[in-house]
Every structure is written in C-alpha cells, then in structure tokens.
Amino acid sequence: MSGNDQPNGSATERYNIREMEPHWQKVWADNKSFELAEDDPRDKMYVLEMFPYPSGRLHVGHVRNYAMGDVVARYHRAMNKAVLHPMGWDAFGLPAENAAKKSNVDPRQWTYDNIAAMRNQLQQMGLTLDWSREFATCDPEYYAHQQKLFLDFLEAGLVTRKKSRVNWDPVDQTVLANEQVIDGKGWRSGAEVEQRELVQWFFKITDYAEDLLSAIDTLDGWPDKVRIMQRNWIGKSEGMLIRWEIDPATAIGGIEELEVYTTRPDTIFGASFMAIAPDHPLATAAAKDNKDLTAFIEKCRRMGTSAATLETLEKEGVATGIHVKHPFDPDWTIPVYIANFVLMDYGTGAIFGCPSGDQRDLDFARKYDLPVVPVVMPKDADAASFEIGAESYADPGIMLNSKFLDGMANSEAFDEVARRLGNAEVNGRPQGERRTNYRLRDWGISRQRAWGCPVPIIHCDNCGVVPVPAADLPVELPDEFDLSKSGNALDHHPTWKYVTCPSCGADARRETDTMDTFVDSSWYFARFTAPKASTPTVPEIANAWLPVDQYIGGVEHAILHLLYSRFFTRAMHKTGHLDLDEPFKGMFTQGMVTHETYQNDKGVWLAPDQVQVDTVDGDRVATEIATGKPARIGSIEKMSKSKMNGIDPEDILNTHGADAARWFVLSDSPPERDVQWTEAGIESAHRFVQRIWKLVNEGQTLFSQSPSEVDTDTADADALRAKVHRTSAAVGEEIAGLRFNRAIAHIYELTNAMAKFVAETHEDPDAAHLAALREAVDHLVVIISPFMPHLAESCWQALGKQGLVCDALWPEVDESLLVDDNVTLPVQVNGKRRGEIVVPLDAPQSMVETKALSLDAVARILGGKPPRKLVIVPNRIVNVVA
RNA sequence: GCGGGCGUGGUGGAACUGGUAGACACACAGGACUUAAAAUCCUGAGGCCUUUGGCCGUGCGGGUUCAAAUCCCGCCGCCCGCACCA
C-alpha cells in the first residue's frame, strides 16, 4: 500500500492520508474548533459515548463506538446546534492493580501513561471532542466530589452498612472478583474459594425500585430490549409472605416459624417441601449439632457468589429433620431442606416447593422422591386423569386436588388463599400478607482494593462511624502502594489509615474500602457539564445540558451501568446537585466487533497478521506466514486476547487512515449488531476515500471549462439533482436515526450516479449539467463530512470554499425535487410478481386496473376469465387474484 | 438455570406500518487500459430447470392473509448479561 506517491496518469493526485489527516487535526486543534463556548446561544445537544477504561490501547470496539458518536455530533453541528461532546477516563479498577502486581509499576503511573497513549490514539481518529473538559475518575479533583456526593447521600439516608458475602481466597488472603474465580478456585493461588461475610457499604437503590421501574415507560429514546432487561432486572412481583408454623416436635433453636415469600400461594396444596438458603438462620441453627448439614453448608460456601454459577449447579439439598405444618391442614407436615439453589438475598431466603408448578422444584422432588401433586391444570384438561410427568405446569389454569380451591381459576385461588391466611394468625401475626417484592438488591459499593475512590469515613472506638468533614476532602490515596503483599494495600499501608477522630480527637482509623468503579461512571456525564467546578455540579449548567441527548455504548452495560446512573441521578436530585431524574434521553447500544480466528496445525491460535489469506479456486485458504504451513480458518468471534483475533486500531489508523477506519466500522452492519472486521472491508473503505477525492477533482476540472450552449433537454441533469437532494435528505434522516449503514449505502448510490454523470458530461459539458454537478459535489462533501471529516476538509478546500467544512451547515434540501410524478407499481398474480406498470402518482383506480389487467403475463394467466378479486394498494402494489 | 437478542445469496447486509426479497458493499468471473502487474473503469451473477418461459427460495416445521423475511404457534442454532471485569 504505497499509493500516495504515484500520480495515476490523470491530473489528479492520490489523496495523501498521512499528510492530510494530521494536518486537519492540527487545524481543528489550533482553531479550538470543538471547544464549546460557554455562552453559545444555539439549541443544546449533548452527545456522549461511554468513556473507556484506559487499558493503554484503543480497541476496535472503541473505534466503532466513538465513530458513531462523532458522526452524530458532527451531524448536529451541521444542524446548527451547540454540541457538547466530551471525553474522559474510567480510570480506577482492577487491571491497574494487576499490572502493578505483575510488573511492579505504580498503578497511578501506569494509568496516566495509558491515558496519554489512548488520548493520542483518539486524537488520530479526528473526533470532535472537547478536550478542554477531559478528566479521569482517578484524578483527586474528580473523586473529591464523588466523596462529597457519598457524604450527601449518607446524610440523606441513601447509604447503609450491612453484611454481605464475598469470594475469599484463603491463600492470598484477599477478596476476589467473580471473574477471578475460575471453577471455584482463586485465579492466582488456585485455592478453593470460600464465601465470607463482611460488613460493607451499600447505596439504597431499592428505595427507588418502584420509581426506577415505572419511569422506564418514559424512556422512549431507549432500545426496547434494554428497557425490557431493566424491567426484568428490577423484577417486581406481587406475591405473599406466608408464615409456616414449625412442628414443635421438630423445632430447633427455639425458632417457631418459617417465613416464605411466594408468587404462587394458589399452589399451596401442591407443597411437598420447604427449601431454605444455606445461610438462612434456620439452616445455621439446624446445622449446629449436625455434621451432615454443616458439611453441606460448607460445600455451598465454596461455590462462589455469582448467580450464574449457583443456578447452573446440580440442584441439591439436605433434609434438616425440621417439619412445618400446612396452614390448611394441621395434620399435614412438610419437610424442610437446605438447598443450594435458594438465595438468601431474594425474598426471605426460603421457599415452599410445589413440584407440579415449577420445573426446578419438580427436578428437586424427583431427585429426593418427594410427592408431586398436580394443583393447577390447563382449562380443558380432565381433573381425574391430569398428571405431571417430566415437565411441570406453570401456566394459568384450573385448580384441582386443593380442597376448597378446586374448580377455581388459579388467580381466584390466589385471592382466596390471601384472604384466608390474612385472617389466620401465627404467633400473634397474620399467617399471610400480600407483599410486593423486587428482585433488585441494594447496591454494594465496598471494594477491598487500593486503586479506587476511598470511602470518606473514619472509624473511631468512641464515636463509631464518623463521616470525614467536607472541609477535609478529598481523602486522597497514598502516594505509594505496596501491592506485592496480599490483601488490601490501603489496609496494610504503614501510615495512611491512622488518623484522629474528627469528632472526639482520639486515635481512629480510616475506612480502607474503596468504591465500586460503577460509582465513578454513575455521574461523570453530569461532571462534564462543568468539569472544573468546585462543587460536584453547577446545577444551572448541568440542568441546562442534561439529560444526555444521545448516549452510545456497549450492550454489556445495558443493565448495571445504566441502572446505577439512573439511581445516581435521582440521588443527586434529592441532594440538590441536579434537578432531574433520568440522565439519558436517547440511548443506543452498539454491537461488538468480531473477527475470524486462525489456528495452525498444532491448534495454536494465530493472530491475523501471522496469517496470509488467499483465494484458491474460489475457496479462502490461510497460510501461517512464519512456517508456510496451512492454517485453519475458524469461527468468527468477539475479538479476544485468548483467541488472538484482535486487530490493533493503531495499525489501521496508520495504514488506512482514520477516515477509512471510521467509514468501515459504520458501513455494512447495522450499528446495534456485531460487525465483522475484514481486511477486504477496510481496503474497500480506503479505496472509497480515494474515489471521492477523484470524483470531486474531476468535477472541479469540469467546472473550470466553459460550458457549451444549454441543452434543451435537461432531464438527466434534473434526475441528478433529484438524486442529490433525495440523498442529502435521506442521509440526514438515517444519521439522526443512527442507521449509519443505510446512510452509507445512500452515499454509495449517489457517488455511483455522480461517476456516471461525470463520465457522460465530459463529452459535452453544458451549463445545466455543470450546475447540477456543482451542486452534487457541494452536497456530497458536506454529507460525507460526518463520516470522513479529514477528506471532507480537503475536498472543501479544493472546491475553494470558505472556512472549514466542520462548521458548514447541512445542505438545504429542495423538497420540490423529492416528489416523483410517476410511480412504478409491481403487479402480482396470486401474490407472485408478474410485471410492473408505471402510472401517475395517485392515479385513479380504474387506470391502475386497466393497465394491470392488460399486462401480457397477467392476461395469459387469467386466460380470458375475469379476476376473482383485485387488491390495489394506492401507489404501492397491485395484486390480481385469479 | 434465568433474562435479553439474533438467524436473509459465496460473505456483510437492505427491504418503511404485512405489499417488487437480495439495495449497497465485499469476494468472484469476464472485458477495457497496460510490455506486464497494481490501480482504475465497464459488464455479469440467489438456486434449479425443458431458459423471450417456469419452479424453488429469508435457520426448521406448521398456521393466519389477496399478499409473510415481517404476524401467530412449536422447534433448532448462535451471541450477550446475571449484581466484585469494565
């Protein structure tokens, strides 16, 4: 690829990427083109892409994400908006600590070095970012304000402390993240991981469960799938709390009842066992003098804490010997099991198992030989013969085997059970109460890690938990960390945690937990509106800009990050930092970037640059370059280190340029879907850059000629004008709707039409043709500018335009050129296309009918008989039913 | 396991609210230019057949409709998330 040095035979030089891209980047920077003026009076538009973790190298997924945001931002600049388009760094987190442990570097140094490298790469992309607003979440100037927010939330009653479980590595003496637990073992030590309870800090997101749920309905700028995922995550259910009396003969530890939450009280006569979580108080009591139970609970404790792990386990349980009495039959007792699939965090940590109505319960019952009594059956089933085999029946239906409920719809049975249990009493309280439950749990933010935002709290033996006074903020991280030791470096730092109590002056200790990095990213979008302010936000400014008009990021953040940000916005509202509840008006989740995988004959993964791919007899064949041996072309997968199928954007930017890279990642695939990176694809984008340059220059050459007499027939000039205006309108609409791939297809079509037109016009340029071409080129340069901003500037300059195309307005679309006088209607016979007719727009039915029926193909099939039916959809289609 | 999504030519995809399936691009083939190559330009193409015509065709199997990639029912496959990765 050395194409920049050779003239191609015509007068047009190749477009020199390596010269022009840095040139325009410098021009934009020197002009401060993308720095937003505080007093810009135009309509506001806030475009934001999820800020990256500074790993040190840009990933192709970032390129796609930021290319999308930049196209949107540039389009809105062209629509004459004041566009806020900032960038920063999600800079706290595990990788810095891991790097520090591995290579003995300072996590702070490592992080800021990475930021410098990535900023440089982002700048090479030619983005319209306002770098004057940049910050990293590990800047004390940022996290100081986060600590202030924590204190304000604490004062507002939005923070709590409680016990929760963590993955504990007994060898490394450290808390492990879920991703550090592999097959139940610590990734570094290989030791069996244990669950351990720690007292931790929580944000009370559950206080907002109902609000976070109901407000989802207002988020009409979000993808439906994200809204559905959020709804399901919050998981509202209407059920009952039922108190089951423990049979005194089997009671242990003086516990007299078992509280159970259920969404299916109607199935109460199908109950055949009770299951409690391994860490349920009753389980603890039962295990006290019971080795089997203790062993089982121990086993459960070594399963890790992630829900995915727990729920994919084989369902197991152990009977406690405890029995409960059935509320409607004092002689019926039901055994209580400790089960590995019941979670203490959900409901009451105890369930009643109804095997006929729940697959998980059925599997459990079959395994332990418990009764399976069908209590709900489909409407049309027969009560005498209805049985449960391998599958439970969980759908609505009619009650059976349920005494006084028999024959009712199960929804009626729900109400009847609620009524009866509400009137009964156990230990002086109602035996049953209706209860709305949420799956959503409070947000545990404590992390036992050094590279995070310190929780601004001091523990004093006299005063207990004491907030750090606002005047003492920030609580800064120490200058030096010793990450070589296991455990939390803040905790074993020689001096950092030792302070005096701000309340009584006695010796006290700092909280050594830091905050979850999701906290950092839950309000950065607000900080960008006033990044230098001495308070977390300047409310007037933040309220003027927020909510973010268009937020773009990976679908992997569809639940947690977005939900936490929504909570934070509400919490900041409550504490006076913001005056709104929903942070993101428009949300978009982009797909991943994938690539083929390659393996050599030994099964070793090969990187794309270690492989040469050729086409032999129409088949793609890969060769390992180092050995010359054939390599296997494997499946297309998400780029990953392990499979070696990643592409380094830096290489792409250097060889093909930012414009080609931006163009490629947005073409072909719809943005919400995965895009496959291919060498052919980026090369074609590169060729297209050159093609536009040539086209603009050829047009330019034509304009400089003096036109011949105006041709009386200007039909093809008019056709081009219609195409141009239609394209400008369509590209604008597609960008506004984030359908970049379609916008690009429109641009291809226009350039194809223009190339043809240029070739024809060369013969005999007349005034009408030259005017149409001139207009086409003018439009083209502006509508490509969001995608290929450097090339567009070069073209703009070549055309002798004033100023910069990044400041130019979108072309005015002449609506009168968009309407066609005639429409082409396909004509079907029995739903199969047999021909087409051309009729005037809004032609009368009789004309359409006559023309359609007179088509040869139609007449032949009808064979002289009249059609049975004629369906005419005006201006769309004709269907003849023979 | 639970929740969400996706599935269309050799490939990525397009197809508006049920209305011409395959736009646009890649790869491929043929041609022009060239001493040659690259680059560029032009042309062709879903599959099958008895080829101015016909049949089949949007993961699979049914259904609704004048008309289904699109709606409904039942399957299959792949991908993402699951609360300490970010």
Side-chain angles (χ1 to χ4, degrees), chain A residues 3 6 8-10 14 50 52-53 55 90 92-95 166-167 175-181 223-226 228-229 231-233 235 305-313 315 341 345 359-360 440-449 516-518 521 554-561 563-564 589 591-592 594 615 618-620 635 637-638 667-670 672-676 678 680-681 683-685 687-688 690-691 694 741-742 744-749 752 755 759 824-836 857 867-871 873 876-881:
Chain A
Q6 281 198 355
N8 71 347
S10 79
R14 298 267 293 171
M50 289 180 184
Y53 180 80
S55 60
D90 190 11
F92 277 133
L94 271 183
V166 294
N167 299 308
V175 176
L176 298 178
N178 282 334
E179 71 158 13
Q180 297 174 317
V181 179
D224 284 340
K225 66 170 173 179
V226 176
I228 292 167
M229 283 191 263
R231 264 187 212 110
N232 290 338
W233 186 259
T305 58
S306 94
T309 311
L310 296 181
E311 302 208 14
T312 45
L313 282 173
K315 312 290 172 275
F341 61 89
D345 298 306
Q359 193 58 43
R360 205 163 46 173
L440 181 68
R441 308 199 299 254
D442 276 333
W443 174 13
I445 60 156
S446 282
R447 297 292 181 270
Q448 293 69 42
R449 319 217 179 273
D516 180 6
T517 55
F518 271 124
S521 55
V555 67
E556 66 273 21
H557 292 296
I559 297 176
L560 292 179
H561 164 60
L563 194 64
Y564 291 153
T589 55
M592 298 177 305
T594 61
T615 306
D619 291 325
R620 299 180 66 245
S635 58
E637 302 199 35
K638 176 180 178 172
S667 56
D668 288 1
S669 282
E672 68 278 11
R673 245 194 268 176
D674 293 352
V675 64
Q676 189 195 342
T678 61
E683 278 168 11
S684 118
R687 280 201 300 273
F688 189 65
Q690 297 297 344
R691 195 170 160 218
K694 198 178 143 208
N741 57 320
R742 283 160 53 166
I744 283 174
H746 284 298
I747 293 173
Y748 272 122
E749 283 190 61
N752 289 344
T824 304
L825 297 187
V827 178
Q828 300 178 328
V829 179
N830 296 333
K832 281 192 180 128
R833 185 183 172 281
R834 297 293 164 174
E836 57 187 36
R868 283 203 289 146
K869 192 174 170 185
L870 197 61
V871 181
V873 184
R876 270 232 115 126
I877 201 167
V878 180
N879 191 12
V880 181
V881 185

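Not measured: the values here are computed from a predicted model. Note on naming: letters A, B, ... go to the chains in the order of the sequence lines (proteins, then strands), and numbering restarts at 1 for each one.
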Under 4.0 Å between any heavy atoms, over every strand shown, what does [X] touch: base, sugar-phosphate, or nothing? Just pick one.
| X | answer |
| --- | --- |
| A:Gly93 | sugar-phosphate |
| A:Gly235 | nothing |
| A:Asn879 | base |
| A:His561 | nothing |

Whole-angstrom distance between [N] and [M], as gauged at atom [atom1]:
| N | M | atom1 | answer |
| --- | --- | --- | --- |
| B:C49 | B:G1 | P | 44 Å |
| B:A83 | B:C72 | C1' | 36 Å |
| B:A45 | B:A23 | P | 10 Å |
| B:C79 | B:A27 | C1' | 25 Å |
| B:A32 | B:G54 | P | 36 Å |
| B:U64 | B:G9 | C1' | 29 Å |
| B:A69 | B:A21 | P | 8 Å |
| B:G12 | B:U17 | P | 24 Å |

Value rounded to 0.5 Å, distance of OH in A:Tyr53 from OG1 in A:Thr517: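 So the OH of A:Tyr53 and the OG1 of A:Thr517 are separated by 9.0 Å.
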Inter-residue atom distance A:Glu749.CD - A:Ile744.CD1, 0.5 Å rounding: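 Taking CD in A:Glu749 and CD1 in A:Ile744, the distance rounds to 13.0 Å.
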Letter per nucleotide, 5' to 3', of nucleotides 45-56 of chain B [B base touched, S only sugar-phosphate touched, - untouched; heavy atoms, 4.0 Å]: --------SSSS
Residues which pass side chain to side chain contact (heavy atoms under 4.5 Å, CB included) with A:Arg742, listed by chain and number, not counting sequence neighbours: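 Partners of A:Arg742 under the side chain to side chain contact (heavy atoms under 4.5 Å, CB included) test: A:Glu734, A:Arg739.
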Intra- and inter-strand pairs of RNA chain B in dot-bracket (Watson-Crick or G-U wobble, both distances under 3.5 Å; | for another strand): (((((((..(((......[....))).(((((.......))))).((((...))))..(((((..]....))))))))))))....
Nearest-nucleotide pick for A:Ala307, side chain only, options being B:A23, B:A83, B:G13: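 Given the options B:A23, B:A83, B:G13, the side chain of A:Ala307 is closest to B:A83.
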Proximity to the side chain of A:Thr312 - top-ranked nucleotide from B:A83, B:G1, B:G12: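 Looking only at side-chain atoms, A:Thr312 lies closest to B:G1.
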Whole-Å distance between [N] [atom2] and [X] [atom1]?
| X | N | atom1 | atom2 | result |
| --- | --- | --- | --- | --- |
| A:Leu94 | B:C85 | CG | C1' | 7 Å |
| A:Leu560 | B:G81 | CG | P | 11 Å |
| A:Leu870 | B:C66 | CG | P | 14 Å |

